[in-house]
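When a ligand or atom number is given, it counts from 1 through the structure's own listing order.
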Amino acid sequence: MAQVFRAANMVRELEPEDIRVLIGIELGMRRFQFVPMDQISFYARVNKSETEFRLNKLHKLGILQRNSQLGYVGYQLISESYDVLALHTLVKRDVIIAVGGVLGRGKESDVYYAQLPSGEECALKIHRIGQTSFRKIRKLRNYIQGRRHISWLYVSRLSAESEYAALEKIAPLELQTPQPIGHNRHMVVMSLIDGKEISLIPHLENPEETLYKILEQVEVLFLQGKIIHCDLGEFNILMTESSEVRIIDWPQWESSDHPNAQSYLARDLTNINVYFQKNYHIGFDLEKMLDRLFGSDRSELEKY
Ligand SMILES: Nc1ncnc2c1ncn2[C@@H]1O[C@H](COP(=O)(O)OP(=O)(O)OP(=O)(O)O)[C@@H](O)[C@H]1O
Ligand SMILES: [Mg+2]
C-alpha cells in the first residue's frame, strides 16, 4: 500500500497523545537530528512515562526512526510520520476529507486525488525533497546556506510553501492554473486540472496555436502576475480536452523584479522553443520576445 494511504489510515487510528508526541519530535528536529526523549516530552507537553509509551507504540508502527548510538536514545520523524501530521491538520481544518488514487508522480513529489468536504475532487501534491535533490534547487539553496543541520522535512515544507504562494499570486489572473485551496507542512491542496502533460501527447493537433497560447500565458504571468515559472517545459504544461493549456508545478518561481529575471525567463522560453523546434519544427524569436517584455517594463518605469 502506498505510504500516503497508510498515513491516511493512521490519521484515523492514532490517538491525540500520539499526534502530540509526533509534533514534539517535529519541533525538536529544528535543533536535533535525533530528538532525545525528555525534549520530546517537553515539546509535546506529555509526561515522560506517557511519552515513552507513545514512542514505543509509534516505533512499532514503523513511523519513527530510533537511534541509540548517540549516548542517548533519539527519535526522528520519517516521511510517513510527516505525512500523518500534515494529513491530520488538513483533515482537522476541513480542507480535505479523504485521499484517493495516484494522479501523477514527479521528480520531487507525489500527487494524489483527494476529496474536499463538498465532495468535489481536488489534487493533493506532497513535496518530497530528498537530501540529494534539494541541493539542485537554486531557490532552496538560498535558504539552506549557512545552516548546519537541514532536514528534508524543512526543505519539503519550504518547497510546498513556495508553490502555494505562487498559486495565490497567480489565482487573480484567471489563467485556469490550479487554484490554491489549502496547504500544510509539505502538502499543497489545489484544484484538479483535467489534462495531460504535453510531453505525453505524441502529436499536438495544432502546435502553432498551442505554442501561441503558452507564450501568451507566460507574458500575462510576467507582466500582470510579476512572476516567472523557472522550471517551465513540456512536462509542466497540461493540455485539456478542449486544447487549453494549464501551467503547473510552481515551487521554483521567482519574482519578475529578481536581478536575474531576464535569464530565468530566457531559460523558460528556451525550453519551450527547443521543444517545439525539435518536435514540430516551429519556433519563435526569443530575443524579440525578451525585448518586448523587458522593454515594456522599462517604458512603464519611464512614466514616473
Ligand atoms: N493540479 C493538478 N491537476 C492535475 N494533475 C496534476 C496537478 N498537479 C500535478 N499534477 C500531475 O502530477 C504530475 C507531477 O506534478 P508536478 O509537475 O507539479 O510535480 P513535480 O514534477 O514533482 O515537481 P518538481 O518539478 O518539483 O519535481 C504532473 O505532471 C501532473 O501529471
Ligand atoms: Mg513537474
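We find that K48 and E52 are not joined by a salt bridge, their nearest charged nitrogen and carboxylate oxygen being 4.0 Å or further apart. Contact check on K125 versus D249 returns a salt bridge, with a Lys/Arg side-chain nitrogen under 4.0 Å from an Asp/Glu carboxylate oxygen. We find that R246 and E197 are not joined by a salt bridge, their nearest charged nitrogen and carboxylate oxygen being 4.0 Å or further apart.
Side-chain atoms of L14 and L22, non-hydrogen and from C-beta on, do get closer than 4.5 Å to each other. Within the 4.5 Å cutoff, side-chain heavy atoms of L116 are placed close to those of I181. Between L167 and M190, some side-chain heavy-atom pair lies under the 4.5 Å cut-off. The closest side-chain heavy-atom distance from L232 to W253 is not below 4.5 Å. Side-chain contact between W250 and N236 is absent, with no heavy-atom pair separated by less than 4.5 Å.
Near N236, meaning under 4.0 Å from any of its heavy atoms, are these atoms of ligand 1: 17 (O). Using a 4.0 Å cut-off to heavy atoms of P178, the atoms of ligand 1 that qualify are 1 (N). Numbered from 1 in the order shown, with element, the atoms of ligand 1 that lie under 4.0 Å from a heavy atom of G106 read 14 (C), 20 (P), 21 (O), 22 (O).
H186 meets the ring-ring contact (aromatic ring centres under 6.0 Å, His included) test with Y82; sequence neighbours excluded. With sequence neighbours excluded, the residues satisfying ring-ring contact (aromatic ring centres under 6.0 Å, His included) with H183 are Y164.
When non-hydrogen atoms are compared, ligand 1 lies under 4.0 Å from the side chain of V111 (C-beta onward) but not from its backbone. With a 4.0 Å cut-off on non-hydrogen atoms, H127 does not touch ligand 1 at all. At a heavy-atom cutoff of 4.0 Å, ligand 1 is contacted by the side chain of K125 but not by its backbone. Heavy atoms of S159 found under 4.0 angstrom from ligand 1: none, in either backbone or side chain. When heavy-atom distances to ligand 1 are checked against a 4.0 Å cut-off, M190 comes that close only through its side chain, counted from C-beta outward. By the criterion of a heavy-atom distance under 4.0 Å, both the backbone and the side chain of D249 are placed next to ligand 1.
When hydrophobic side chains of Ile, Leu, Val, Met, Phe, Trp and Tyr are connected at separations under 4.5 Å, V111 ends up clustered with L103, Y113, L192.
Residue L192 places no N or O, backbone or side chain, under 3.5 Å from any N or O of ligand 1. At least one N or O atom of S109 sits closer than 3.5 Å to an N or O atom of ligand 1. Between D231 and ligand 1, an N or O atom pair is found at a separation short of 3.5 Å.
Excluding waters, the protein N/O/S atoms found under 2.8 Å from the Mg ion (ligand 2) are N236 OD1, D249 OD2.
Of the N and O atoms on the side chains of H127 and E163, at least one donor lies less than 3.5 Å from an acceptor on the other residue.
Selection from A123, G104, G195 by nearest heavy atom to atom 7 (C) of ligand 1 gives A123.
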